[in-house]
Amino acid sequence: MSVRVLIVDDEAPARRKLRSHLAGRPGIEVAGEAADGLAAVESIRTLRPDLVLLDIQMPGLSGFEVIETVGVDVMPAVVFVTAYDEFAVEAFEVQAVDYLLKPY
């Protein structure tokens with residue numbers, strides 16, 4: 001059984017970097033990518049990933065707004081991937097599994 005991962009970041013180079021880090025890892029399947037908050041919500045609802053690598057500051061909806069829109073109770077596990085350290089406490093308040101700072 002593999003862990004299905006959705007990569008959500010508005011920067012294409014960041015998405016590529018995350019995809020390359022995950023490539024070839026046993027038990028990991030990249031289910032898809034999204035480049036903004038609205039696309040993230042749609043992808044979460046349709047792809048039903050097990051884990052979301054989620055940027056915080058994006059067009060449309062922020063990472064926190066994505067979680068709020070999907071619903072904390074049905075949101076898959078989240079690892080925030082961001083360049084901003086000031087949101088770490090808030091991330092763990094919404095049950096984030098981890099908080100990674102760029103560059104990773």
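- Under the ring pair (Phe, Tyr, Trp, His ring centres under 6.0 Å) criterion, F87 pairs with no residue at all, not counting sequence neighbours.
- The salt bridge (charged side-chain N to carboxylate O under 4.0 Å, His left out) analysis of residues 67-89, with sequence neighbours excluded, yields no pairs.
- Taking CG of L6 as the reference point, atom CG of L18 lies at 11.0 Å (rounded to 0.5 Å).
- Residues satisfying the side chain to side chain donor-acceptor pair (under 3.5 Å) test with D9, not counting sequence neighbours, are K102.
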Which atom pairs, donor and acceptor, lie under 3.5 Å between side-chain atoms of residues 45-53 and protein residues at least two apart or in another chain?
unit_1	atom_1	unit_2	atom_2	d
R45	NH2	T69	O	3.2
T46	OG1	E42	O	3.0
D50	OD2	R4	N	2.7

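- When all heavy atoms of A91 and Y99 are compared, the closest pair comes out as CB-CD1, 3.4 Å.
- Atom CE in M58 sits 9.0 Å away from atom CD in E65 (nearest 0.5 Å).
- At a threshold of 4.5 Å between side-chain heavy atoms, the hydrophobic network of Ile, Leu, Val, Met, Phe, Trp and Tyr places V72 and V41 in one connected group.
- In terms of the side chain to side chain donor-acceptor pair (under 3.5 Å) criterion, residue partners of R19 (sequence neighbours excluded) are, by chain and number, E33.
- Residue V79 is grouped with residue V30 when hydrophobic side chains (ILVMFWY) are merged at heavy-atom distances under 4.5 angstrom, including chains of intermediate members.
- Considering only heavy atoms from C-beta on, V66 stays 4.5 Å or farther from V8 through its side chain.
- Across all their heavy atoms, V97 and A77 have their closest contact at CG2-CB, 3.8 Å.
- Cluster annotation: V94 is connected to F92 through the hydrophobic network of ILVMFWY side chains, with a link wherever side-chain heavy atoms come within less than 4.5 Å.
- Side-chain contact between L61 and L38 is present, with heavy atoms from C-beta onward closer than 4.5 Å.
- Transitive grouping of hydrophobic side chains (ILVMFWY, heavy atoms separated by less than 4.5 Å) brings V3 and V81 into a common cluster.
- Here the straight-line distance linking atom CG of L54 with atom CD1 of I7 works out to 12.0 Å at 0.5 Å rounding.
- V78 and L101 end up in the same hydrophobic cluster when Ile, Leu, Val, Met, Phe, Trp and Tyr side chains are linked at under 4.5 Å.
- A search for side chain to side chain donor-acceptor pair (under 3.5 Å) contacts involving Q57 returns Y84, not counting sequence neighbours.
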